[in-house]
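Here the structure is laid out as structure tokens; the discussion comes afterwards.
In what follows, every heavy atom counts, from backbone to side chain, and hydrogens, waters and symmetry copies are set aside. In what follows, chains are A, B, ... by sequence order, proteins preceding strands, each numbered from 1. Predicted model, so just to flag it, every value in this text is computed and none were measured.
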Amino acid sequence: MTTARITLTINGTATTLDVPVRMTLADALREKARLTGTHVACEHGVCGACTVLVDGLAVRSCLMLAVQADGAAVTTVEGLARDGALSPLQAAFRDHHALQCGFCTPGILTTMHALLTAEPDADEARIRDVLSGNLCRCTGYLPIVEAVLAARDAYRAPDGGPEAAR
Amino acid sequence: MKPPPFDYACPTSLAEAIDLIARHDGDAKPIAGGQSLMPMLAFRLAAPTLLVDLRRVPGLDGITVDDDGVMLGARVRWCDIEADARLAAACPLLAAAIPHVAHYQIRNRGTVGGSLAHADPAAELPAVALACAAEIVAQGPEGRRTIAADDFLVGPLTTALEPTELIVAVRFPPWPAGRHHGFAEFSRRKGDFAIVGVALFFDDADGAIAGATVVAFGIGDRPQRLAAAEEVLNGAAPSAELFARAAAAAADSVEPQTDIHADGDYRRALLATLLERTLAQSAGLASAS
Amino acid sequence: MSRPNAWIGSPVPRVEDERLVTGRGRFVGDLVPERLLHAVMLRSPQAHGSLRSIDAGAARDLPGVVAVFTAADVGAAGAVPLIPQRQHALPEGEAYRQPVIAVDKVRYVGEPVAVVIAEDPAIAEDALELIEVDIDPLPPVADHVAADSDAALLFEAAGSNRIAVLRARAGDADAAFAAADYTRRAQFGIQRHTALPMEPRGLCATFDPASGRLVLYGATKVPYYNRRALAGMLGLDIAAVDLIEVDVGGGFGARGEIYPEDFLVPFAAMRLGAAVRWIEDRREHLSACNHAREFHADLEIACRRDGTVLALRGRVDADLGAYARTNGFTPPRNVVQFMPGPYRIDHVAIDGHLLVTNKTPAGTYRGPGRFETSFFCERLFDMAAHDLGIDPVAFRRRNLLRKDELPRPFPGIVGVDAATELDNGDYAFVFQRCLDDFGWTEKAALQGRLIDGRYHGIAVASFIEGGGGAPRENARITVEADGGVAVDVGSSAIGQGLATVLSQIAADALGLPMSAVTLRHGSTTLVTEGFGSNHSRSTVMGGSAILVAAEALLAELRTVAAAELGGAATDVRIADGVVHGAAGQRPLSAFAGLSVERTYHNTKYTYSYGTHAAHVAVDPRTGHVEVIDYVTVEDVGRVINPATLHGQVIGAVVQGLGSVFLEHLVYDETGQLLTGSLADYLVPTATDVPRIRGVSLGLERCPNNPLGAKGAGEGGLIATGGVIANAVAAALRSFGVEPNHLPLSPPRVWRLIQEARRRQATPHETGQGAA
């Protein structure tokens with residue numbers, strides 16, 4: 001088959017998409033689900049801009065076919081805000097000027113959300129290590145590290161676990 | 001950078017997967033994590049007519065630790081290895097190497113079988129498999145066979161796997177108590193493929209080194225055992241001077257490649273430095289400069 | 001005003017961010033107009049050759065393919081439009097302009113030779129593989145040495161690979177050299193690299209055949225210029241063309257110029273009467289977007305015995321790649337002219353040779369010419385200081401321009417109208433502040449020391465950054481029905497937080513909260529004329545235009561309000577969105593529709609300046625250099641938003657560290673680009689970045705604009721090459737290593753040490769001459 005119908009949960013909503021089998025998950029999210037917050041900046045798995053959560057794990061959506069996400073739960077940057085308000089991580093990015101052009105930002109937010117959900121006590125070295133899978137050309141990374149460090153508290157709080165912070 | 005056209009199948013058994021691949025005359029490719037294959041598709045360096053997705057094939061994602069050693073299913077991901085606390089004792093060289101693999105997101109999808117089948121000469125797992133004399137378990141239409149890592153790794157991006165065979169698992173032999181090990185790599189940035197890497201271990205026989213195994217990667221077509229260094233080490237007592245001699249012998253015995261990231265002379269010198277430092281570290285000596 | 005300057009100077013959060021952190025940004029690749037078709041470019045696989053034929057028959061027959069265009073479709077021979085010289089044009093450059101699609105020759109790998117339009121981008125890529133291009137190979141001109149020989153020519157009609165020689169002159173350099181106590185000559189090189197914005201380029205064109213109106217989305221940097229130029233190239237009336245700016249994922253000099261695709265995409269839309277979108281992929285970006293920085297220099301410095309620099313002379317070769325693009329001459333022009341930087345060097349004779357080679361054409365990248373000259377000169381200074389036995393700090397103190405020596409003109413360029421002068425500043429104060437913040441005195445003890453297997457070194461370097469590019473900028477301010485104001489400005493956003501900074505300026509000028517200001521920028525629909533964002537000009541020029549327009553709007557409001565509310569216009573007071581007259585008050589919303597547009601003119605550039613200091617540790621066995629500490633202090637005249645400025649500084653330093661250590665576009669001897677992916681073209685990642693301390697000061701307002709601000713955002717990059725190379729040289733002083741070629745990759749540093757060891761084993765030849 002060269003096209004396929006897939007059903008997946010995107011940001012909590014069950015979604016059925018008809019996709020060419022060669023289409024990456026990144027392109028399917030952007031072109032088929034019209035969630036254009038996920039950005040593609042290299043399409044060969046180096047820059048991290050297209051990072052989304054698949055079944056809770058941060059993955060590069062350009063290195064995954066959409067058909068491989070059939071049945072999966074996908075969280076994109078559009079799924080991070082809560083009730084129309086910025087999530088603590090998003091707010092920390094704004095407060096710490098952790099973005100400039102904002103093109104790499106969605107992939108960094110999803111990656112750091114996955115990290116802090118799993119490891120709310122990640123220290124600066126761990127944050128930098130994980131962040132090294134995402135390229136940013138504007139900020140020099142330091143404001144991003146500051147923002148992520150500042151957002152950790154929200155992930156440690158009783159109501160700030162993976163569910164609430166989705 | 002859109003992938004070329006191909007068909008897609010998602011079989012639910014190993015037999016079905018092998019059958020699909022066999023029926024496509026070598027033009028079919030298996031895909032699991034896709035972390036090596038997807039970039040090749042994006043650059044159109046690979047053009048399979050059929051992709052056989054292994055994600056629903058049962059029995060490929062287990063990690064077994066027992067008296068026979070460690071068995072990693074082909075679909076075991078790097079993050080699974082990092083999360084398995086048993087491996088630090090059961091195969092410490094493997095546990096030491098895996099954090100060097102690529103980046104966080106890649107480690108969440110990249111698989112053991114994919115890395116071995118891709119056989120990048122600068123990748124970590126093939127080097128560790130070679131050092132440990134691991135065996136690759138492959139299955140094809142003719143049945144199952146076991147291939148020693150040394151025979152499996154043929155050349156750059158080339159393995160002994162038949163086009164119709166799938167990697168099922170990789171088996172690491174038991175790790176004796178008291179064995180010393182070391183793993184190091186030098187890359188331009190953290191997470192990049194190594195310019196030079198070393199994976200090594202040795203046993204302690206009454207104060208002398210025994211069974212020294214030294215593997216270098218990133219320097220040639222495939223990871224390679226450095227017999228010259230092993231000969232210097234075996235039977236001698238660990239010392240900074242010994243390690244320097246072993247490193248020099250290793251450097252003299254290789255003809256590293258030149259590419260855009262480093263020339264051969266640099267790689268040779270770097271191999272000596274990395275090896276000397278890693279030996280010192282693994283022996284618990286203060287690292288030489 | 002009830003709150004003068006409540007917003008300017010405050011680190012207010014950016015107005016752009018809420019949209020961008022929630023995935024609601026709108027970038028060009030996000031646009032899906034009706035009947036959208038997709039364009040991909042077929043690019044030359046060869047560096048140099050004669051284009052014999054293109055057979056696109058099979059591609060046209062592929063289902064889903066709508067059209068394939070080649071030069072023959074664009075125009076008859078000689079009628080294919082050429083990319084204009086937008087900036088710092090030279091008459092000699094005319095013969096080296098690039099056709100928007102290859103006509104009879106290809107001159108670099110990546111040059112567009114055909115355009116495929118299809119219903120789906122993947123199908124368009126499938127079609128690329130079906131096009132047969134017959135190219136007769138010609139000898140490649142692979143580097144500046146081959147170019148200089150003219151053995152093979154890129155442009156036979158022009159007769160030479162040397163476009164021109166730019167000669168910067170001040171004083172009498174040869175006489176100064178003849179009389180100098182000390183001279184030293186050295187060769188330097190900077191590798192080809194590129195701006196690499198995270199969002200590759202992209203364009204989306206819509207054309208309405210009925211009205212003849214063309215709209216091009218994805219514009220940035222200089223949309224108004226590009227509208228004028230593209231209208232001419234496409235044969236359209238300028239009024240029928242609009243360029244629309246949407247969110248932009250980084251510019252750094254490379255994005256927003258006219259490239260071949262800027263013509264080809266709207267051309268296809270016009271031909272097909274459809275919407276056509278082209279999103280550059282990363283592989284093509286590396287061979288299609290402007291390259292930058294490749295300079296090879298042979299320079300000589302003359303000093304007095306006391307360390308006073310008397311003169312600089314020498315030759316610089318610029319490898320401009322295959323064509324003279326829109327701003328290709330800006331970097332070499334800056335290199336020859338700005339060589340003295342913030343230092344007092346009275347006698348200068350620098351010849352810049354502008355050479356074409358079979359590589360991707362070059363243009364500007366953040367800090368064009370400044371990064372290069374800072375590297376060359378700061379290296380020469382440390383070499384001279386060491387030879388003369390003078391401390392590098394004392395050497396710089398002696399030669400930095402004093403406050404009372406400013407303003408001071410830069411060397412002129414023979415036959416080119418290039419007059420410009422340093423404006424104002426206290427270079428010595430900022431220099432000292434940097435040393436103090438860095439802890440120079442304490443760290444000096446580390447100089448050259450071997451600690452735990454690594455050699456430590458520190459260095460300091462000063463820079464100037466040109467900004468506030470002339471000639472003018474426009475702003476319109478309109479009172480809205482809700483009591484707020486709409487501010488439209490000709491400046492462009494490239495991801496630098498422009499809307500925030502300009503909103504702060506507008507809010508202060510009008511005495512309004514920032515929330516009452518709606519700022520719109522970039523698109524050609526907004527104001528009658530705009531000049532965009534380049535040369536660190538958007539805050540200075542856009543901000544000044546807003547000030548001038550705000551003043552005019554307030555005057556207008558006073559006049560109108562006086563007529564309605566009685567009293568004289570001078571009695572009308574406007575505060576917090578309320579207009580108070582003699583006989584009462586009205587909310588601002590009562591004056592909705594009132595609108596003024598004004599132009600701010602300026603002929604003078606701004607020069608922010610500063611000093612960087614760095615501490616490195618070098619592993620002599622691997623050649624690895626770790627940056628342990630990095631401090632930058634700069635004076636930008638007046639700080640509008642300290643947080644966005646700080647972000648610019650840190651980001652620029654990290655880009656500079658990429659230039660120094662990692663980034664390299666490597667070509668082989670046949671002109672093939674070997675770094676075709678981000679696995680090979682390496683930019684800094686989070687684990688490569690040291691703690692960087694950045695201090696931005698507003699010491700003394702710039703006298704050349706009403707805002708008092710100086711262009712900023714490039715300075716963090718400018719001094720990185722000089723300061724890091726000097727710190728490495730200081731660390732490896734015992735070897736006598738001179739790191740004069742970038743990048744300082746581990747193999748290069750290691751090799752320098754090996755060569756130094758061999759030299760030490762066989763003494764003599766130090767390469768210096770005391771006259």
Exercise for review: Measure the spacing between OG of A:Ser132 and CG of B:Asp192 and express it to the nearest 0.5 Å.
Suggested key: 9.0 Å
Practice item. Measure the SG-CE distance between A:Cys62 and B:Met1 for me, rounded to the nearest 0.5 Å. Key: 8.5 Å
Which atoms of [X] come close to chain B, meaning under 4.5 Å heavy atom to heavy atom: side chain ones, backbone ones, both, or neither?
{"X": "A:Arg128", "result": "neither"}
{"X": "A:Leu131", "result": "neither"}
{"X": "A:Asp70", "result": "both"}
{"X": "A:Ala4", "result": "neither"}

**Study point:** B:Phe6 versus A:Thr2, closest heavy-atom pair with distance
**Key:**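 Residues B:Phe6 and A:Thr2, closest heavy atoms: O-CG2, 3.9 Å.
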Check your understanding: Do you know which two heavy atoms are closest between B:Tyr104 and A:Ala58, and how far apart they sit?
Key ->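 Smallest heavy-atom distance, with atoms named: CE2-CB, 3.9 Å.
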Exercise for review: Please determine, among B:Gly34, B:Pro5, B:Pro39, the option with the most heavy-atom pairs under 4.5 Å with chain A.
Suggested key: B:Pro5
Practice item. Could you tell me whether the side chain of B:Asn108 and the main chain of A:Leu57 form a donor-acceptor pair under 3.5 Å? Key: no
**Study point:** Residue part contacting chain A, namely of B:Leu50, when any heavy atom lies under 4.5 Å
**Key:**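 For B:Leu50, neither part sits under 4.5 Å from chain A.
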Check your understanding: Heavy-atom distance under 4.5 Å to chain A: side chain of B:Pro99, backbone, both or neither?
Key -> neither
**Study point:** Crowding at CG, A:Asp121 (>12 non-hydrogen neighbours, <6.0 Å)
**Key:**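 Correct, the count exceeds 12.
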Practice item. Can you establish whether the number of heavy atoms outside A:Arg5 located under 6.0 Å from its atom CZ is more than 12? Key: no
Exercise for review: Determine, step by step, whether B:Lys2 and A:Glu43 satisfy the side-chain contact (heavy atoms from CB on, under 4.5 Å) criterion, reporting the C-alpha distance in whole Å, the side-chain angles of both residues, the deciding distance to 0.1 Å, and the verdict.
Suggested key: CA-CA 8 Å; B:Lys2 309 302 178 194; A:Glu43 296 182 275; 2.8 Å; yes
**Study point:** A:Leu65 side chain reached by B:Asp53 side chain, heavy atoms, under 4.5 Å
**Key:** no
Check your understanding: Would B:Ile31 and A:Gln68 satisfy side-chain contact (heavy atoms from CB on, under 4.5 Å), going step by step from the backbone distance to the final call?
Key -> CA-CA 10 Å; B:Ile31 183 168; A:Gln68 294 184 292; 3.8 Å; yes
Exercise for review: Could you tell me which of A:Val130, A:Val54, A:Asn134, A:Leu63 has the largest number of non-hydrogen atom pairs under 4.5 Å with chain B?
Suggested key: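 Result: the option with the highest number of such pairs is A:Leu63.
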Check your understanding: For the candidates A:Thr24, A:Thr51, A:Thr3, which exhibits the highest count of non-hydrogen atom pairs separated by less than 4.5 Å from chain B?
Key -> A:Thr51
Review point. Out of B:Gln105, B:Arg109, B:Met38, which residue meets the side-chain contact (heavy atoms from CB on, under 4.5 Å) rule with A:Arg60?
Key: B:Gln105
